[in-house]
Amino acid sequence: MKKLPIGIQDYKEIIEGNYIYVDKTKYIFDLIDNGKYYFLSRPRRFGKSLTISTLYYIFKGEKELFKDTYIYDKLEFKEYPIIRLNILLAATDTEERFKKSLTKLIQQEGQRNNVEITEEDYKFAFDELIIKLSKKGKVVILVDEYEKPILDNINNKEKAEKYREILRDFYVTIKSRDEYIKFVFITGITEYTLKSVYSGLNNLMKISFDKNYSNFLGFTQKELENYFKEYIKETAEKLKITGKELLQEMKKYYNGFSFDGEHFVYNPFSILKFFQKKEFQNYWFESGSPSFIYEYIKGKKVTYEELTKYPVSAMDFSTREIEDANANIFFAQAGYLTFKGIKRYGLRKKYILDYPNIEVKNSFSELILEANYGLEEIEEIENKIYEKIEANKIEEIIEEIKRIISAIPYNLHQKRESYYHSLIYTILASAGLNVTAEELTNLGRSDLVLEHNNKIYIFEIKLDKSAKEAIEQIKERKYYEKYTSKNNEKEIYIIGININSEKINIEEYIVEKI
């Protein structure tokens with residue numbers, strides 16, 4: 001059984017070390033065969049660095065490393081001089097250190113290619129390296145984490161802009177030396193900064209939202225089932241469920257990332273860690289830097305409703321700088337939201353945003369409860385909610401929600417129905433439950449739908465009205481009909497809730513079984 005390449009970003013090490021490699025070289029061949037300058041943004045831990053590494057060995061001409069891949073007999077493998085830059089390694093604490101570290105990165109690339117770099121200025125050093133390497137052949141340039149210095153200073157607009165100017169000055173060299181260049185591939189987390197940093201590189205082809213490359217990074221369902229057969233069998237046996245049941249649960253928990261609104265993939269890191277640990281946990285989210293996300297949510301008072309209310313266009317991801325971007329756009333680029341569908345306005349296309357899966361929904365909701373609502377003991381809240389839903393104690397769940405709402409400081413509440421929709425959704429989602437907001441039916445949208453243990457719970461939430469009115473709306477609009485097919489043996493409960501804005505809490509509720 002091949003090993004799981006957890007944390008391994010070097011293609012050669014994966015192949016020679018008998019690790020699983022999910023073959024993505026068809027996409028790479030298409031890139032090489034059809035163009036020259038490319039940019040791809042993806043969230044962290046999605047395989048950007050491994051893609052850079054794969055390109056590196058292809059352009060080094062190491063054909064035998066690709067023996068069992070798509071590209072092996074499609075490409076004429078030839079060695080090119082390569083400049084491989086990981087901007088993650090640049091120092092970003094001061095402007096001067098940042099400039100010096102860029103020069104150092106170029107000098108190190110010179111040493112690796114047996115070329116001496118004499119220039120001390122970062123821009124001229126880059127130019128010198130390209131020209132000297134071009135004497136050996138056309139140059140390949142691979143850049144990873146292109147905007148990292150700006151992301152490091154996202155809360156300091158003045159500093160971010162200075163670093164942006166430095167990067168603009170640095171990268172413009174690529175455009176000016178076009179005649180010496182064979183291929184350019186640049187990656188990062190966001191597209192925001194791309195427009196200003198690469199303003200001179202107007203022939204850079206952006207493939208981040210191109211449906212032809214939507215499955216380039218991440219694992220598709222087919223790839224998961226094909227490459228991890230033995231791990232699926234082993235994990236299912238340990239969890240004492242069938243392989244089919246395991247795949248269904250994995251799909252809910254880890255699938256759902258989309259970069260075109262039509263095709264969906266798994267985050268590789270979550271899948272690899274899941275097969276290693278054989279437990280459903282929030283691997284991808286917890287491997288990042290929640291402290292930064294916490295401060296971002298707290299500073300902008302981010303709510304679920306605001307993140308998902310409005311569809312967005314591809315243009316929204318490049319029209320502003322990252323420090324000025326709307327929260328929903330920022331979190332979509334960072335992977336905490338994803339494209340869940342497409343909405344068309346005539347010939348125009350916009351993307352519907354939502355959490356990709358239960359893993360992200362759970363972890364992100366925890367942060368919102370803590371950062372926005374000042375709630376502590378989040379784990380205790382989650383455990384109580386989960387235990388009560390597991391026992392189907394609906395009235396006790398609502399009483400627990402009332403207790404949680406009463407613990408939120410008075411000044412944080414808002415007199416809006418949508419505020420309470422978002423709050424109750426976040427409480428349920430933080431417990432790791434499969435809850436959806438505004439579930440569409442043929443007669444409208446129910447406020448919340450919770451699915452758990454072959455039971456469906458449909459919530460309608462009113463502000464300063466009545467629980468009876470909420471229940472009647474569910475019945476009149478038949479929100480439950482989509483769950484009452486002949487083959488559906490799930491129990492269905494409808495729950496009407498009324499919030500009293502003066503008491504700032506749930507005043508009454510009605511629970512009925514359909």
Side-chain angles (χ1 to χ4, degrees), residues 41-43 46 189-192 206-215 217-218 220-221 251-267 284-285 297 300 302-320 325-365 368 417-419 421-422 424-426 428-429 433-451 458-459 461 477 479 482-483:
S41 69
R42 284 293 183 268
F46 247 92
I189 290 176
T190 75
E191 272 202 16
Y192 295 115
K206 297 185 290 183
I207 60 171
S208 304
F209 309 121
D210 187 330
K211 68 178 182 180
N212 295 315
Y213 297 97
S214 58
N215 293 338
L217 275 64
T220 65
Q221 187 68 35
K251 192 169 188 178
K252 287 189 289 186
Y253 213 93
Y254 296 117
N255 195 15
F257 292 95
S258 178
F259 306 101
D260 66 351
E262 297 179 40
H263 303 90
F264 296 89
V265 296
Y266 294 83
N267 173 263
W284 176 76
F285 193 97
I297 293 171
K300 291 186 177 286
V302 173
T303 66
Y304 171 76
E305 184 208 11
E306 290 164 339
L307 292 176
T308 60
K309 187 174 182 180
Y310 301 106
V312 300
S313 70
M315 284 289 292
D316 292 327
F317 291 87
S318 57
T319 52
R320 295 185 184 183
N326 291 337
N328 61 342
I329 300 295
F330 170 76
F331 285 120
Q333 286 268 270
Y336 302 105
L337 297 175
T338 198
F339 298 161
K340 281 298 183 181
I342 295 172
K343 199 167 186 179
R344 297 192 180 276
Y345 300 83
L347 297 176
R348 293 182 300 121
K349 179 171 69 175
K350 290 203 170 186
Y351 300 103
I352 298 164
L353 295 177
D354 208 338
Y355 297 134
N357 50 43
I358 291 176
E359 176 188 19
V360 178
K361 184 190 297 182
N362 174 213
S363 296
F364 204 90
S365 297
I368 289 179
E417 194 170 277
S418 59
Y419 163 83
H421 292 176
S422 186
I424 294 173
Y425 170 91
T426 304
L428 295 172
L433 298 171
N434 186 19
V435 59
T436 53
E438 295 194 339
E439 186 73 8
L440 185 64
T441 71
N442 62 333
L443 291 173
R445 294 177 182 270
S446 51
D447 288 341
L448 301 175
V449 177
L450 172 62
E451 298 186 48
I458 301 171
F459 292 78
I461 302 160
R477 300 188 182 181
Y479 291 154
K482 66 184 291 184
Y483 307 103

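Side chains are part of it too, since the values below use all heavy atoms of this structure and drop only hydrogens, waters and symmetry mates. None of these values were measured; they are calculated from a predicted model. In this chain, numbering begins with 1 at the start of the sequence shown.
Note that OG1 of Thr338 is 8.0 Å distant from CG of Leu353, once rounded to the nearest 0.5 Å. To the nearest 0.5 Å, atom CD1 of residue Ile207 and atom OG of residue Ser214 are 10.5 Å apart. One distance of note links CG of Leu337 with CZ of Phe257; it measures 10.5 Å at 0.5 Å rounding. For the atom pair Asn212 CG and Asp260 CG, the distance stands at 9.5 Å (nearest 0.5 Å). Taking CD1 of Ile329 as the start and CG of Asp316 as the end, the distance is 4.5 Å to the nearest 0.5 Å. Going from atom CD1 of Ile424 over to atom CD1 of Ile461 covers 4.0 Å, rounded to the nearest 0.5 Å.
The backbone N or O of Ser422 lies less than 3.5 Å from a partner atom in the side chain of Thr426, making a donor-acceptor pair. A donor-acceptor pair under 3.5 Å links the side-chain atoms of Asn357 to the main chain of Asn255, judged by distance alone. Checked by atom type and distance alone, the side chain of Lys340 pairs as donor or acceptor with a backbone atom of Pro356 at under 3.5 Å. With hydrogens and angles disregarded, no donor-acceptor distance shorter than 3.5 Å links the side chain of Arg348 to the backbone of Lys343. Between the side chain of Ser258 and the main chain of His263, a donor-acceptor pair closer than 3.5 Å is present.
Results of the ring-ring contact (aromatic ring centres under 6.0 Å, His included) test with Phe259 over Phe339, Phe46, Phe209 single out Phe46 as the only residue that passes. For the ring-ring contact (aromatic ring centres under 6.0 Å, His included) criterion with Phe331, the lone passing option out of Phe317, Phe364, Phe285 is Phe364.
Phe459 is linked by a ring-ring contact (aromatic ring centres under 6.0 Å, His included) to nothing, counting only residues two or more places apart in sequence or in another chain.
The list of salt bridge (charged side-chain N to carboxylate O under 4.0 Å, His left out) pairs with a residue in residues 352-363, not counting sequence neighbours, is empty.
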Take Ile368 and Thr303, measure what side chain to side chain contact (heavy atoms under 4.5 Å, CB included) needs, and give me the verdict at the end.
CA-CA 7 Å; Ile368 289 179; Thr303 66; 5.8 Å; no
Chi angles and distances behind the side chain to side chain contact (heavy atoms under 4.5 Å, CB included) call for Lys251, Gln221:
CA-CA 8 Å; Lys251 192 169 188 178; Gln221 187 68 35; 4.1 Å; yes
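Nearest heavy-atom pair across Lys350 and Pro311 is CB-CB, 3.8 Å. Closest non-hydrogen pair, Asn328 versus Leu307, comes out as CB-O, 3.3 Å. Contact record, Tyr479 with Ser446: CD1-CB, 3.6 Å, taken as the closest heavy-atom pair. Nearest heavy-atom pair, Ala334 versus Pro43, reported as atom, atom and distance to 0.1 Å: O-CB, 3.3 Å.
Side-chain contact between Ser208 and Arg42 is present, with heavy atoms from C-beta onward closer than 4.5 Å. With a 4.5 Å cut-off on side-chain heavy atoms, Asn326 and Tyr310 do not count as touching.
Using a 30° and 60° split on the angle between ring planes, Trp284 and Tyr336 fall in the tilted class, from 30° to 60°.
Less than 6.0 angstrom separates the ring centroid of Tyr355 from the ring centroid of Tyr304.
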